[in-house]
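Numbering of residues begins at 1 and proceeds along the displayed sequence.
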Amino acid sequence: QWVYNILEKKAEADRIVHENPDPSNGFVLVPDLKWNQNQLDDLYLIALVHCREIKSLRDLRAEHLPLLRNVLQEGKEAIVKRFGVPGSQLRIYLHYQPSYYHLHVHFTALGYDAPGSSVERAHLLADVIDNLAMDSMYYQKRALTFPLRADEPLFKKFQEAGKV
């Protein structure tokens, strides 16, 4: 609901850094709650796409390339304009598994070791775009590894299924 409240401007409308209102290829860029916005060393923003049907990396296909390219390009442009941080100094990625199932993209300062920015969980947006350009069904076919804590319900389900 938090995501929908932002997209519908019922919450955090004053925190929006950039918005492309297109319902298919648009998004809202907001500072992540983890970032206090006092310094750029730990810059952290989230792009929330307007399309509600895309839940995670697994749902992406080549038809979503215009959306993903918009997020990449417009997100970088908005951040350099507002914060003076060029795209070359950003890590732009998606999580798999995500913490919530509405497609969102993380923008962090390159030097910031943000939670979940490591290779086992983060998929660089530029790589995602390239993979989908090569094969529209790439993320439906590919095995995706991801870490789980022992206390997570999904880990327990894997245990019960004999997969751990």
Closest approach of [X] and [Y], non-hydrogen atoms and distance?
{"X": "Ser136", "Y": "Ala62", "answer": "OG-N, 3.1 Å"}
{"X": "His106", "Y": "Ile46", "answer": "ND1-CD1, 3.2 Å"}
{"X": "Phe146", "Y": "Leu154", "answer": "CE1-CD2, 3.9 Å"}
{"X": "Lys55", "Y": "Arg52", "answer": "NZ-O, 2.9 Å"}
{"X": "Val49", "Y": "Leu7", "answer": "O-CD1, 3.5 Å"}
{"X": "Gly75", "Y": "Leu29", "answer": "O-CD2, 4.1 Å"}

Please evaluate residues Leu67 and Asp22 with respect to the criterion side-chain contact (heavy atoms from CB on, under 4.5 Å), reporting the C-alpha separation (whole Å), side-chain torsions for both, the decisive distance (0.1 Å), and the verdict. CA-CA 9 Å; Leu67 166 64; Asp22 184 276; over 6 Å; no
Ring centre gap for Phe27 and His18 strictly below 6.0 Å: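 Ring centres of His18 and Phe27 closer than 6.0 Å.
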Side-chain contact, heavy-atom cut-off 4.5 Å: [X] with [Y]?
{"X": "Leu68", "Y": "Asn25", "value": "no"}
{"X": "Pro86", "Y": "Gln89", "value": "yes"}
{"X": "Thr108", "Y": "Leu90", "value": "no"}
{"X": "Pro31", "Y": "Tyr44", "value": "no"}
{"X": "Gln73", "Y": "Glu77", "value": "yes"}

Is it true that [X] and [Y] fall in one hydrophobic cluster, defined by side-chain heavy atoms closer than 4.5 Å?
{"X": "Phe107", "Y": "Leu33", "result": "yes"}
{"X": "Leu103", "Y": "Trp2", "result": "yes"}
{"X": "Met137", "Y": "Leu144", "result": "no"}
{"X": "Val80", "Y": "Tyr112", "result": "no"}

side-chain contact (heavy atoms from CB on, under 4.5 Å) between Leu72 and Lys76, worked out: CA-CA 6 Å; Leu72 182 63; Lys76 289 193 296 189; 4.2 Å; yes
Residues Gln39 and Asp42: side-chain donor-acceptor under 3.5 angstrom: yes
Would you check if there is a donor-acceptor pair between the side chains of Asn131 and Tyr139 at a distance under 3.5 Å? yes
Gln140: what forms a side-chain hydrogen bond (donor to acceptor under 3.5 Å, both in side chains) with it, not counting sequence neighbours?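 Once residues adjacent in sequence are excluded, Gln140 has no partner under the side-chain hydrogen bond (donor to acceptor under 3.5 Å, both in side chains) criterion.
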Determine, stepwise, if the pair His64 / Ile54 fulfils side-chain contact (heavy atoms from CB on, under 4.5 Å). CA-CA 9 Å; His64 300 117; Ile54 311 169; 3.4 Å; yes
Arg149 charged N/C atom sitting above Phe155 aromatic ring, 6.0 Å / 45°: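 No, cation not above the ring by the 6.0 Å, 45° rule.
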Nearest 0.5 angstrom please: Leu60 CG to Tyr96 OH, how far?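 Leu60 CG to Tyr96 OH: 11.5 Å, rounded to 0.5 Å.
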Kindly state each residue pair satisfying salt bridge (charged side-chain N to carboxylate O under 4.0 Å, His left out) with at least one member in residues 56-72, sequence neighbours excluded.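 As it turns out, the salt bridge (charged side-chain N to carboxylate O under 4.0 Å, His left out) pairs with a partner in residues 56-72, which skip direct neighbours, are Arg61-Glu63.
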Do the side chain of [X] and the main chain of [Y] share a donor and acceptor less than 3.5 angstrom apart?
{"X": "His102", "Y": "Tyr100", "result": "no"}
{"X": "Asn5", "Y": "Lys10", "result": "no"}
{"X": "His104", "Y": "Ser56", "result": "no"}

Please determine if Glu19 and Lys9 form a salt bridge, counting it only when a charged side-chain N lies under 4.0 Å from a carboxylate O. yes
State whether Arg82 and Glu74 are salt-bridged, where the test is any N-O pair (Lys NZ or Arg NE/NH1/NH2 against Asp/Glu carboxylate O) under 4.0 Å.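 No salt bridge links Arg82 with Glu74.
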Are more than 12 heavy atoms from other residues, nucleotides or ligands located less than 6.0 Å from atom CG of Asp113?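 Not more than 12 within 6.0 Å, no.
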Suppose we screen for side chain to side chain contact (heavy atoms under 4.5 Å, CB included). Which residues come up paired with Leu124, at least two apart in sequence or across chains?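 In terms of side chain to side chain contact (heavy atoms under 4.5 Å, CB included), with neighbours along the sequence ignored, Leu124 is linked to Arg91, Tyr93, Asp127.
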Kindly indicate, with the supporting measurements, whether the criterion side-chain contact (heavy atoms from CB on, under 4.5 Å) is fulfilled by Leu45 and Val17. CA-CA 9 Å; Leu45 294 101; Val17 172; 3.7 Å; yes
